[in-house]
J.: 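Got a structure for you, questions after.
Everything quoted here is computed from the prediction, not taken from an experiment.
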Amino acid sequence: MSYEIKQFNPTKCQFSYRLGKYDCYELRKGTCSLYLSEEEADQVRKEEDNKFYDSNVMFCRDLARSLLNDKYFKDSSFQESDFSIRMHPRDCGHFEFTDGQHRTCIAKHLNIQSMFVKVETYKVDYEIICRACHEKIEKKIEDRKLKNRLLNKLKLKTKNETEIPYDFIDEEYMSFKKEKPVS
């Protein structure tokens with residue numbers, strides 16, 4: 001795979017993340033930890049006792065502080081290291097990741113207007129869509145089946161509507177605000 005370091009605006013792009021409730025505080029709790037005040041985050045930290053790994057209330061908050069202190073988003077040399085963000089454009093309009101989805105999500109939540117990333121450059125002769133769009137297409141096909149339409153009409157399906165249907169999601173499951181979060 002070949003990559004090219006590019007500068008772009010993450011607030012103008014759509015991303016497909018491979019995240020679930022154990023990878024993202026927002027997906028687990030409904031609001032991004034970056035939008036919590038220091039007091040709110042500290043209270044959650046005490047209540048949860050630093051459990052939940054990447055979906056811990058402090059994970060993205062601490063990572064964001066570190067990235068901003070190191071000027072990670074402004075310095076292209078980080079993309080030449082092991083800490084590069086490696087993205088892949090898809091024909092559906094989304095970008096997928098080999099690495100860097102938390103860093104890119106943080107940049108988008110912080111309304112960072114410019115950052116450097118490694119973008120995959122090779123071309124193929126066929127269409128590639130992201131896994132989130134692929135899963136949505138599969139769900140539509142499944143929902144069209146008579147049995148499932150009947151169960152939906154009878155409301156016999158017990159699946160929670162806000163539940164994340166799969167680990168490959170796009171941004172419709174996340175809330176990116178226009179104002180800068182508390183940092």
J.: Taking side chain as C-beta onward, heavy atoms only, is His94 less than 4.5 Å from Cys133?
T.: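 Touching, per the 4.5 Å side-chain cut-off.
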J.: So how far is it from Ile169 CD1 to Asp23 CG, rounded to the nearest 0.5 Å?
T.: 9.0 Å
J.: Considering all heavy atoms of both residues, which atom of Lys108 and which atom of Pro10 are nearest to each other, and what is their separation?
T.: CD-O, 3.5 Å
J.: Using the side-chain contact (heavy atoms from CB on, under 4.5 Å) rule, take Thr31 and Glu26 through it: C-alpha gap first, then chi angles, then the decisive distance, then the call.
T.: CA-CA 4 Å; Thr31 189; Glu26 181 176 357; 5.6 Å; no
J.: Would you verify whether the NZ or CZ of Arg28 falls within 45 degrees of the ring axis of Phe52 while also being under 6.0 Å from that six-membered ring's centre?
T.: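 Yes - Arg28 lies over the ring of Phe52, closer than 6.0 Å to its centre and within 45° of its axis.
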J.: Whether the side chain of Gln113 engages the backbone of Asn111 through a donor-acceptor N/O pair (distance < 3.5 Å, no angle test) should be reported.
T.: yes
J.: Do Ile106 and Phe176 sit in one hydrophobic cluster, given that two such residues count as connected whenever their side-chain heavy atoms are within less than 4.5 Å of each other, even indirectly?
T.: yes
J.: I need the minimum non-hydrogen distance between Cys130 and Cys92, along with the two atoms involved.
T.: N-SG, 3.3 Å
J.: Give, for atom CG of Leu36 and atom CD of Gln43, the distance between the pair rounded to the nearest 0.5 Å.
T.: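 Going from the CG atom of Leu36 to the CD atom of Gln43 covers 11.5 Å.
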J.: Identify which one of Glu40, Met58, Lys51 satisfies the side-chain contact (heavy atoms from CB on, under 4.5 Å) criterion when paired with Arg45.
T.: Met58
J.: Is it true that the side chains of Tyr3 and Arg86 contain a donor and an acceptor less than 3.5 Å apart?
T.: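 The criterion, which ignores hydrogens and geometry beyond distance, is not satisfied for Arg86 and Tyr3.
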J.: So which heavy atom on Ser175 is nearest to which on His109, and how close?
T.: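 Shortest heavy-atom separation between Ser175 and His109 comes out as O-CE1, 3.2 Å.
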J.: Do any N or O atoms from the side chain of Asn69 and from the backbone of Arg65 form a donor-acceptor pair under 3.5 angstrom?
T.: yes
J.: Any side-chain donor-acceptor pair under 3.5 Å between Ser114 and Gln7?
T.: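 Yes, a side-chain donor-acceptor pair sits under 3.5 Å.
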J.: Before accepting this row, confirm whether a basic side-chain N of the pair Arg131/Glu135 lies closer than 4.0 Å to the acidic partner's carboxylate O.
T.: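 Between Glu135 and Arg131 there is a salt bridge, with a charged N closer than 4.0 Å to a carboxylate O.
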J.: At their closest point, which heavy atom of Cys13 faces which heavy atom of Glu171, and how far apart are they?
T.: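 Scanning both residues, the minimum pair turns out to be O-OE2, 3.7 Å.
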J.: Hey, would you say the Tyr17 and His102 ring centroids sit under 6.0 Å apart?
T.: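 No: the rings miss the under 6.0 Å criterion.
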J.: The test is side-chain contact (heavy atoms from CB on, under 4.5 Å); show your working for Phe97 and Thr104 and say whether it passes.
T.: CA-CA 10 Å; Phe97 297 89; Thr104 304; 3.3 Å; yes
J.: Quick check on the 6.0 Å ring-centre criterion: do Phe83 and Phe78 meet it?
T.: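 They do not qualify: ring centres at least 6.0 Å apart.
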J.: I would like to know whether Leu68 and Ile112 meet side-chain contact (heavy atoms from CB on, under 4.5 Å); could you show each step before the answer?
T.: CA-CA 10 Å; Leu68 293 171; Ile112 303 275; 4.2 Å; yes
J.: Applying the side-chain contact (heavy atoms from CB on, under 4.5 Å) test to Ile85, which of Asp99, Thr98, Val117 qualifies?
T.: Val117
J.: Hydrophobic clusters here meaning ILVMFWY residues chained together by side-chain heavy-atom distances under 4.5 Å, can you tell me if Leu27 and Phe59 are in one?
T.: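 Leu27 and Phe59: one cluster.
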J.: Quick one: closest heavy-atom pair of Pro89 and Val119, and the distance?
T.: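 That would be CD-CG1, 3.8 Å.
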J.: Measure the spacing between CG of Asn56 and CG of Asp49 and express it to the nearest 0.5 Å.
T.: 9.5 Å
J.: Between Tyr25 and Asp54 (side chain of the first, backbone of the second, donor and acceptor by atom type, cut-off under 3.5 Å), is there such a pair?
T.: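 Side chain of Tyr25 to backbone of Asp54: no pair is present.
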J.: Would you call Ile5 and Glu80 a side-chain contact if the rule is heavy atoms closer than 4.5 Å?
T.: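 Yes, their side chains come closer than 4.5 Å.
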J.: Using a 3.5 Å distance criterion without hydrogens, assess whether the side chain of Lys118 forms a donor-acceptor pair with backbone atoms of Gln79.
T.: yes
J.: Would you compute the distance between atom CG of Leu19 and atom CD of Gln101 and round it to the nearest 0.5 angstrom?
T.: 4.0 Å
J.: Might you point out which heavy atoms bring Ser2 and Thr121 nearest each other, and give the distance in Å?
T.: OG-OG1, 2.6 Å
J.: Can Arg90 and Glu96 be counted as an ion pair, charged N to O under 4.0 angstrom?
T.: yes
J.: Does Phe15 belong to the same Ile/Leu/Val/Met/Phe/Trp/Tyr cluster as Tyr72, with side-chain heavy atoms less than 4.5 Å apart forming each link?
T.: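 Linked within one cluster.
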J.: Return yes if some donor-acceptor pair links the side-chain N/O of Glu4 with the main-chain N/O of Glu120 below 3.5 Å, else return no.
T.: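 A pair under 3.5 Å: no.
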J.: Taking atom CG of Leu67 and atom CE of Met115, what is their separation to the nearest 0.5 Å?
T.: 8.5 Å
J.: Flag the pair Asp170 and Lys136 as a salt bridge only when some basic side-chain nitrogen lies within less than 4.0 angstrom of an acidic carboxylate oxygen.
T.: yes
J.: Verify, without hydrogens or angle tests, whether Glu127 (side chain) and Asp91 (backbone) share a donor-acceptor contact under 3.5 angstrom.
T.: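 Checked: no pair found.
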